A.B. asks: 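What follows is a single structure, and I will ask about it in a moment.
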Amino acid sequence: MIQEELAGAVLEAIKRAQEEGAIPELPAPTITMEMPRNKEHGDYACNVALSLAGPAKTAPRKLAETILQFLPGGIGFLERVEIAGAGFLNFYLKPDWLQDTLFEIEENQGRFGCSQVHAGEKVLIEFVSANPTGPISVVNGRAAALGDVLGNLLAAVGYQVAREYYINDALNSHQLEMLGETLAARYLQQLGKDVPLPPESYKGEYVSEMAKKIVEREGNAYENVPDSELFPLFRKLATDEMISQQRGDLESFGVCYDNWQRESALYEDGEVTQAIETIRRQGYAYEKDDAIWLKASALGDKEDWVLVRSNGRETYVAADAAYHKNKFDRGFTLLINIWGADHHGYVARLKAAIAALGYDPARCEVILHQMIHLVREGESVVGSKREGNVIPLRELITEVGRDAARFTFLLSSADATATFDLDLVKQQTNENPVYYVQYAHARIASILKKAADNELVLKAAAKVKRSLLTHPRELDLLRKLADFPNEVQVAAENRAPHRLTHYSIELASVFHNFYTECRVIGEEVELTLARLALIRGAEQVLKNALGLLGVSAPESM
RNA sequence: GCGCUCGUAGCUCAGUUGGAUAGAGCGUCAGGUUGCGGACCUGAAGGCCGGGGGUUCGAGUCCCUUCGAGCGCGCCA
């Protein structure tokens, strides 16, 4: 990437200057190249003279001059370098280089923006993993969008990515027990029996609907089954049905998993017992009050936690330890878990468990996303699964569509408490920036179609006169296109999918600006062809950006 | 009480890991096209970046403190 080449050149200049004695000997500085927000400050700017001024005991501007003097010549794409402000080095690129990005886009097409920086690394992203006690909610939607797009981003920079959903279906789950009993009661009610709901029942409509389905399918087959058999049976029916509903909800949101990992399977395969055994062998387990404890306090957590209760049942901590051991043993070099911020207190516990198992906790990253603050008619909506008043993601998708929903979730960074005004999102769908971006894409498609109708034969970018693209708006557009690969890498490495929505909005904006000031299909044939090549490049990058976001790029709307 | 996260325009959110004059959308006001899609474009108003202190050439960003909001502190998951 061009930043790296420039940084290398600056570093070399500093070294040479030191050899000549023009700059005092100092440890090699890290060179950062940034894109100034003000265009007058060049295409790239370097602040090394400022940061070196202190240790070198030299005025920053003077230092910048020295560096400039020793800068190696023959950097093909560089037009000029200027010293500005307090001592910034501003690099201006030749327009040729910008124009050549069109060639690069055309060559790489859907792969433009991708790299192999992280080739050879295998990452497992686990996200959503909601209890199978209700449909996927709007709140889960944030994690879903986050995890899915992060997966796309990591794949784009070379990672081998697997997406996984962890199903909390353990035998000792009280919640699933309650769900099963609720379903059983609803079922019997359907058959006309006067049966009360269990004390901690799930009040959502979906349980009754499930019951209705069972009646339709199997009639009164379970009417006289005693509770001791009925409850476990309905618990399983309910769990399986919920899981398949959740899968459907997520698929209609465009999120597909490589694996749905059942917690119960970890018990059945003896992995939980094994994990506890491993922790014991490593010396991080002890017995107290008839229970087995994880010595988490010795591994960075504040207190110890029970792995096996005094009644012999394992806790979820034990299961999670087993699960993460299982993940590592499948060969993943990096584990990413996406959790709601309400689980933040659990991070240290999991890391301690991972360390106790003998793995490096740094290889497990937990991304916490803040809760979504749902507002409807000016009032806070507090969803409770138990009370059955959570807002299903499905409902949101039906009302605003997948594209708008995904885009909205990804506008804010994971650690911002986002407010989600349901009325606003539903009523003013046209004001969602996703349409602004999609409109740019559709506009381009329309121009290209018009060009075809005019029998203008599109030429490969390499064959048009790219040097004609010198209008400020054309250069702005080219600059934005050229920046895409860097943007993808930064977004991936910072685990920041939201950067991509903002990039796509900016790209759409520079395109609309260009469109307003520069007519594409005009009288000068060469210019027309060059601009057609330019907008084709823009179309491709918009498509790539939207593709990473899992949002469609329509030809017309 | 202890801990984690957050506080940026009227509202919803960005801010390139410490850079140059803090940005965008919505909303408000005023403008723009004899031609490629007006779901667009231009301009204006709107800010003590919660308050205070510190670190340094330089702070929305890092440290301390204070106020406010959310969340977490089980042999529940």
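A quick note: this is a predicted structure, and the numbers were derived from the prediction, not measured. Per chain, numbering begins at 1; letters A, B, ... match sequence-line order.
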A.B. asks: Please enumerate all residues that pass salt bridge (charged side-chain N to carboxylate O under 4.0 Å, His left out) together with Asp289(A), with sequence neighbours excluded.
C.D. replies: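 Listed in chain order: nothing, the list is empty.
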
A.B. asks: Between Phe88(A) and A20(B), do the rings stack, that is, sit under 5.5 Å apart with planes less than 30° off each other?
C.D. replies: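 The ring of Phe88(A) is stacked on A20(B).
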
A.B. asks: Report which part of the nucleic acid Ser556(A) touches: base, sugar-phosphate, or nothing (heavy-atom distance under 4.0 Å, all strands).
C.D. replies: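 Here Ser556(A) touches the bases of the nucleic acid.
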
A.B. asks: With sequence neighbours excluded, give me every ring-ring contact (aromatic ring centres under 6.0 Å, His included) pair touching residues 32-53 of chain A.
C.D. replies: none

A.B. asks: Ser509(A) or Ile447(A): which one's nearest nucleotide on RNA chain B is closer to the 5' end?
C.D. replies: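 Between the two, 5'-proximity favours Ile447(A).
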
A.B. asks: Mind checking Asn90(A) for me? I need base, sugar-phosphate or nothing, with any heavy atom below 4.0 Å counting as a touch.
C.D. replies: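 The residue Asn90(A) makes base contact.
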
A.B. asks: For Glu555(A), which contact category applies under a 4.0 Å heavy-atom criterion: base, sugar-phosphate, or nothing?
C.D. replies: base

A.B. asks: In whole angstrom, what separates Phe407(A)'s CZ from G25(B)'s C1'?
C.D. replies: 11 Å

A.B. asks: What is the nucleic acid contact for Cys46(A), judged by heavy atoms within less than 4.0 Å: base, sugar-phosphate only, or nothing?
C.D. replies: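 No contact.
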
A.B. asks: Please give, in whole Å, the distance from G18(B) P to Leu52(A) CG?
C.D. replies: 18 Å

A.B. asks: Tell me whether the NZ or CZ atom of Arg142(A) lies within the 45° cone about the ring axis of Phe409(A) and under 6.0 Å from its centre.
C.D. replies: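 Geometry flag: not set, cation outside 6.0 Å or 45°.
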
A.B. asks: Please give the distance between the C1' atoms of G53(B) and C11(B) as a whole number of Å.
C.D. replies: 32 Å

A.B. asks: Could you check whether Asp169(A) and Ser264(A), counting side-chain N and O atoms only, form a donor-acceptor pair closer than 3.5 Å?
C.D. replies: yes

A.B. asks: Separation of Tyr515(A) atom OH from G35(B) atom C1', in whole Å?
C.D. replies: 9 Å

A.B. asks: Say we look at G19(B) and U56(B): how far apart would their C1' atoms be, to the nearest angstrom?
C.D. replies: 13 Å

A.B. asks: What distance, rounded to whole Å, do you find between the two C1' atoms, one in A24(B) and one in A77(B)?
C.D. replies: 41 Å

A.B. asks: Which nucleotide sits closest to the side chain of Thr516(A): U16(B), C40(B), A20(B)?
C.D. replies: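 The closest nucleotide is C40(B).
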
A.B. asks: For a quick check of understanding: with a heavy-atom distance under 4.0 Å over all strands, which category does Ala418(A) fall into, base, sugar-phosphate or nothing?
C.D. replies: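 The residue Ala418(A) makes sugar-phosphate contact but no base contact.
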
A.B. asks: Is there a side-chain contact between Leu179(A) and Arg235(A) (heavy atoms, below 4.5 Å)?
C.D. replies: no

A.B. asks: Answer yes or no: side-chain N or O of Asn494(A) and base N or O of U17(B) forming a donor-acceptor pair under 3.5 Å.
C.D. replies: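 When only heavy-atom distances are counted, Asn494(A) does reach the base of U17(B) through a donor-acceptor pair under 3.5 Å.
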
A.B. asks: Any idea which of U42(B), U17(B), C36(B) is nearest the Ile521(A) side chain?
C.D. replies: C36(B)

A.B. asks: I'd like to know if Asp483(A) and Arg479(A) make a salt bridge, using a cut-off of under 4.0 Å between side-chain N and carboxylate O.
C.D. replies: no

A.B. asks: With the threshold set at under 4.0 Å for non-hydrogen atoms, list the residues of residues 526-539 of chain A touching RNA chain B in residue-number order.
C.D. replies: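 RNA chain B contact set from residues 526-539 of chain A: none.
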
A.B. asks: Output every pair passing side chain to side chain donor-acceptor pair (under 3.5 Å) with a member in residues 512-530 of chain A, not counting sequence neighbours, ordered by first then second residue.
C.D. replies: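 The answer is Arg443(A)-His512(A), Arg473(A)-Glu517(A).
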
A.B. asks: Measure the distance from NE2 on His498(A) to P on U16(B) and round it to the nearest whole Å.
C.D. replies: 9 Å

A.B. asks: Under the side-chain hydrogen bond (donor to acceptor under 3.5 Å, both in side chains) test, which residues partner Glu271(A), sequence neighbours left out?
C.D. replies: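 Scan of Glu271(A) (side-chain hydrogen bond (donor to acceptor under 3.5 Å, both in side chains), adjacent residues dropped) gives Asn326(A).
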
A.B. asks: Quick one, give me the B/S/- string for nucleotides 72-77 of chain B, reading 5' to 3', where B means a protein heavy atom under 4.0 Å from the base and S means that only happens at the primed atoms, P, OP1 or OP2.
C.D. replies: SSSBSB

A.B. asks: Using a cut-off of 4.0 Å on non-hydrogen atoms, how would the nucleic acid contact of Val490(A) be classed: base, sugar-phosphate, or nothing?
C.D. replies: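 The residue Val490(A) makes no contact with any strand.
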
A.B. asks: P atom, C71(B) versus U55(B): distance in rounded Å?
C.D. replies: 37 Å

A.B. asks: Between atom CZ in Arg499(A) and atom P in U16(B), what is the gap in whole Å?
C.D. replies: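 To the nearest whole Å, that distance equals 7 Å.
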
A.B. asks: Detail all sub-3.5 Å separations between protein N/O atoms and N/O atoms belonging to nucleotides 5-8 of chain B.
C.D. replies:
residue: U5(B); atom: O2'; partner: Gln370(A); partner atom: NE2; Å: 2.8

A.B. asks: Return each pair, listed once, that meets side chain to side chain donor-acceptor pair (under 3.5 Å) where at least one residue sits in residues 488-501 of chain A; pairs must be two or more places apart or across chains.
C.D. replies: His118(A)-Glu493(A), Glu365(A)-Arg495(A), Glu487(A)-Arg499(A), Gln489(A)-Glu493(A)

A.B. asks: NA contact type, Met557(A), heavy-atom cut-off 4.0 Å: base, sugar-phosphate, or nothing?
C.D. replies: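 Base contact.
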
A.B. asks: Can you check the Glu517(A) CD to G43(B) C1' distance for me, whole Å?
C.D. replies: 14 Å

A.B. asks: Checking Asp240(A) now: which residues fulfil salt bridge (charged side-chain N to carboxylate O under 4.0 Å, His left out) with it, not counting sequence neighbours?
C.D. replies: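 Asp240(A) satisfies salt bridge (charged side-chain N to carboxylate O under 4.0 Å, His left out) with Lys236(A), Arg262(A) once adjacent residues are dropped.
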
A.B. asks: Can you give each donor-acceptor pair under 3.5 Å made by side-chain atoms of residues 310-320 of chain A, sequence neighbours left out, with the distance rounded to 0.1 Å?
C.D. replies:
residue: Asn311(A); atom: OD1; partner: Arg313(A); partner atom: N; Å: 2.9
residue: Thr315(A); atom: OG1; partner: Val306(A); partner atom: O; Å: 2.8
residue: Thr315(A); atom: OG1; partner: Leu307(A); partner atom: O; Å: 3.3
residue: Thr315(A); atom: OG1; partner: Val317(A); partner atom: N; Å: 3.3
residue: Tyr316(A); atom: OH; partner: Arg349(A); partner atom: NH1; Å: 2.7
residue: Asp320(A); atom: OD2; partner: Tyr346(A); partner atom: OH; Å: 2.8

A.B. asks: Give me the distance, rounded to whole Å, that separates G50(B) from A45(B) when you measure between the C1' atoms they each carry.
C.D. replies: 24 Å

A.B. asks: Let me know the distance between CG of Asn432(A) and P of C26(B), rounded to the nearest Å.
C.D. replies: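 It works out to 11 Å between those atoms.
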
A.B. asks: Identify, with sequence neighbours excluded, every residue that meets salt bridge (charged side-chain N to carboxylate O under 4.0 Å, His left out) alongside Glu474(A).
C.D. replies: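 For Glu474(A), the residues satisfying salt bridge (charged side-chain N to carboxylate O under 4.0 Å, His left out) (neighbours in sequence not counted) are Arg531(A).
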
A.B. asks: What residues form a salt bridge (charged side-chain N to carboxylate O under 4.0 Å, His left out) with Glu126(A), not counting sequence neighbours?
C.D. replies: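 Per chain and number, Glu126(A) pairs via salt bridge (charged side-chain N to carboxylate O under 4.0 Å, His left out) with Lys327(A).
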
A.B. asks: Take atom P in A14(B) and the same atom in C40(B), then report the distance between them in whole Å.
C.D. replies: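 Approximately 22 Å lies between the P atom of A14(B) and that of C40(B).
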
A.B. asks: Answer with yes or no whether the side chains of His324(A) and Asn337(A) bring together a donor and an acceptor at under 3.5 Å.
C.D. replies: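 Distance-only check passes for Asn337(A) and His324(A).
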
A.B. asks: Using atom CG of Asn47(A) as one end and atom C1' of U56(B) as the other, report the distance to the nearest whole Å.
C.D. replies: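 In whole Å, U56(B) C1' lies 14 Å from Asn47(A) CG.
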
A.B. asks: When you compare U61(B) with G38(B), how far apart are their C1' atoms, in angstrom units rounded to a whole number?
C.D. replies: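 Going atom to atom, C1' in each nucleotide, I get 39 Å.
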
